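Below, all heavy atoms of this structure are taken into account, side chains as well, without hydrogens, waters or symmetry copies. Quick caveat, the model's predicted, so the values are computed rather than measured. We number each residue from 1, following the sequence as shown.
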Amino acid sequence: MTSLSADDSYLDHYGFSHDPFAARVPGFKFFPAQRKPVLGQLHHLARYSQLLLVVTGPEGSGKTLLRQALVASSNKQAVMSVVITPQGTADSSAVLQQIGQALNIQHADFDGVMAQIVQLALTGQEVYLLVDDAEQLTGAAVETLLRLAAGSPEARPHVFLFGEDSLVSRLEALVEGEERFHVIALQPYEEDETREYLAQRLEGAGAGLETLSEEQIARIHEQSGGWPGAINLVAREELIEAIKHSKTRKTVKGWPFPLPMKHLLAVLAVLCVIAVAFLLRGGEDEPEVQTNTPLALGNASRSAPESAASPVMPPESPSKIEFETPAAAEPTNTDSARTAAVEPAEDVSEENSASITHQDGAAPSPAVTQKEAPAPVVQPAPEPVVPETPAPKTPEVVRPAAQPAPAASAHSAWYAEQGGNRYLVQILGTRTEKNAQTLVAQRGSDYRYFVKEHEGKPLYVVTFGNFANRAAALAAIKTLPAALQSGKPWARSFASVQKEMRK
């Protein structure tokens, strides 16, 4: 694993508008189903209990998000929320100072704070004191908050401490067995909640859950323990490691390959076919050029006597030319002429003399002369080899190298017309369009599919429904058939779909 920053290469590789797993993303809020009962319990205890309320969990467990939800869901007209964030170690005076500033108190001591709380109660307003990172409070500060939570007969503030588990033991030491506080321990996300969390994070950055494979999602949940802060760290490391692995696969022994391996194999196959065809045809090209012209044959005949000791008929003889002219028209006699030009004069002089003597005595026609030529010298030309060369099959080998561009599905216009803030349920993605068409036809008009490019190939994504918000889409997932629910469908916005289709 590595701790690279979210530089441009990381964002560009995945097409993110920002780092989806940054510690603080403006506007991001994820509140899983298991946290809703906790929020309701806090509101209930604040109304009916006189105990200090403590919410515990490890760093990155979502305590701050729960505190934000508590403030947001409170009645603004009836509740004044004072959020206290310790800067380093916060003692009692620092806590009272922050409370005094929020309540517009000039003298921020314990009695002055309580007097202002009573005054607000008379006007129908309650005070919520919410402390983030409460484990950083000193013992005196914790004791002051316990006193404020106890309040007075006239009024009391509702005190909420959000901190790590170590805070509980400090409280227990201060209350000495008295029941003065109540603890609510947060639980980690289940795997389905981790999946929803990842999906919402990625959608906020302009991507989707398909950015991560099923193996990566399972590994993220296992290594993070289901805690949101750890999910952010592990998920980001997974994405960065995937970039490294993709770069490694493109390089073999230091040599970069600009094309995928299957394309390279197709190119090599084409080159092999061309090489074989060239070798099969190479042996015939040279004889055809040398022997199709009678002048070339005459030159060959003249060269042989010059290099041999035995005398032969001069090339200027009319009978010699009359013999060679028809020979140039047939491939069989062409090979005979080539043999005569290459071999020593002693081997060819007797054959030429016999042929010429026969011509002078009987004067046969050119056809008869060719038929009586000595057969052992002639090698039949491998004419059938040329038509059987596999060169015409070259387009079939090259064809797989071209990667077809994704074609627009029948429902592309429908997706483009929907509002970007509406939601749908993504059922599955398949590489075969026929599978997507079959599923849509079987399930009905609420099912559609669109096509996008994923890892350089078309991916056909089947979706369900059109919902006003994410909550409605999540509720619809529970109504799907069991066979579809087993594929882990998830809710996503139309804006993210439209962005993928534009790509």
Side-chain angles (χ1 to χ4, degrees), residues 15-18 20 25-40 43 62 65-66 68-76 189-190 192-212 228 408-429 436 439-452 459-503:
F16 293 149
S17 59
H18 62 269
V25 176
F28 174 79
K29 292 181 181 180
F30 178 76
F31 209 69
Q34 63 155 277
R35 297 291 169 89
K36 293 180 181 179
V38 177
L39 181 61
H43 278 298
L65 183 62
L66 181 61
Q68 293 173 345
L70 179 61
V71 173
S73 58
S74 300
N75 186 343
K76 303 300 185 295
Y189 293 167
E190 300 291 338
D192 288 346
E193 293 172 325
T194 298
R195 182 185 299 274
E196 292 180 14
Y197 178 84
L198 292 170
Q200 190 166 331
R201 280 273 185 172
L202 290 167
E203 286 181 13
L209 188 61
E210 65 274 8
T211 305
L212 297 166
S409 73
H411 309 118
S412 298
W414 182 84
Y415 287 102
E417 293 170 355
Q418 308 309 310
N421 59 347
R422 296 185 68 84
Y423 278 78
L424 51 75
V425 175
Q426 179 165 319
I427 302 298
L428 56 84
L439 179 59
V440 170
Q442 291 176 348
R443 295 295 178 179
S445 59
D446 287 337
Y447 292 81
R448 297 175 176 83
Y449 75 94
F450 67 92
V451 60
K452 56 177 274 190
L459 183 69
Y460 303 93
V461 182
V462 179
T463 68
F464 169 72
N466 183 351
F467 306 99
N469 51 53
R470 180 180 177 83
L474 292 175
I477 292 177
K478 299 178 181 179
T479 67
L480 293 174
L484 297 183
Q485 290 192 35
S486 63
K488 303 296 183 183
W490 54 286
R492 60 181 303 186
S493 65
F494 273 93
S496 66
V497 171
Q498 292 162 357
K499 182 174 181 180
E500 289 182 349
M501 292 173 63
R502 286 194 297 270
K503 290 183 181 179

Intermediate values then yes/no, side-chain contact (heavy atoms from CB on, under 4.5 Å), Y189 and R35: CA-CA 9 Å; Y189 293 167; R35 297 291 169 89; 3.9 Å; yes
Considering only heavy atoms from C-beta outward, does the side chain of L212 approach that of L202 to under 4.5 Å? yes
Distance (rounded to the nearest 0.5 Å) between S496 OG and M501 CE: 11.5 Å
Can you sort out the partners of P481 under side-chain contact (heavy atoms from CB on, under 4.5 Å), two or more places apart, ordered by chain and number? R443, Y447, L484
With sequence neighbours left out, what residues match S73 under side-chain contact (heavy atoms from CB on, under 4.5 Å)? L39, H43
To check you understand the geometry: which heavy-atom pair defines the closest contact between Q418 and N466, and what is its length? OE1-ND2, 2.7 Å
Which residue pairs satisfy the side chain to side chain donor-acceptor pair (under 3.5 Å) criterion with at least one member in residues 196-208, sequence neighbours excluded? Y197-R201, Y197-N232, Q200-R470
Non-hydrogen atoms of A205 and P20 that approach each other most closely: CB-CB, 3.7 Å
Qualifying residues under side-chain contact (heavy atoms from CB on, under 4.5 Å), relative to A472, sequence neighbours excluded: F467, N469
Between A491 and I477, which heavy-atom pair has the shortest distance, and what is it? N-CD1, 4.0 Å
Pairs meeting criterion ring pair (Phe, Tyr, Trp, His ring centres under 6.0 Å) with involvement of residues 477-503, two or more places apart: W414-F494
Contact summary for L459 and G429, nearest pair of heavy atoms: CD1-C, 3.8 Å
Heavy-atom closest contact (S74 atom, L70 atom, distance): OG-O, 2.6 Å
Excluding sequence neighbours, so at least two apart, what forms salt bridge (Lys or Arg N to Asp or Glu O under 4.0 Å) with E193? none
In chain order, what residues pass the salt bridge (Lys or Arg N to Asp or Glu O under 4.0 Å) check against D446, with sequence neighbours excluded? none
Name all residues meeting the side chain to side chain donor-acceptor pair (under 3.5 Å) criterion together with T463; count only those two or more places apart in sequence or in a different chain, and write none if there are none. Y415
Side-chain donor/acceptor of K76 to backbone N/O of V71, under 3.5 Å: yes
Residues passing the salt bridge (Lys or Arg N to Asp or Glu O under 4.0 Å) test with R195, sequence neighbours excluded, are E214
Taken in chain and number order and not counting sequence neighbours, the residues that satisfy side chain to side chain donor-acceptor pair (under 3.5 Å) with E190 are none
Scanning both residues in full, the closest heavy-atom pair of V425 with P489 reads CG1-CB, 3.7 Å
From CZ (R448) to CD1 (I427), nearest 0.5 Å: 12.5 Å
For R492, all residues meeting salt bridge (Lys or Arg N to Asp or Glu O under 4.0 Å), sequence neighbours excluded: E210, E500
Contacts of type ring pair (Phe, Tyr, Trp, His ring centres under 6.0 Å), residue F16, not counting sequence neighbours: Y10, Y14
Are the aromatic rings of H411 and Y449 close, with centres under 6.0 Å apart? yes
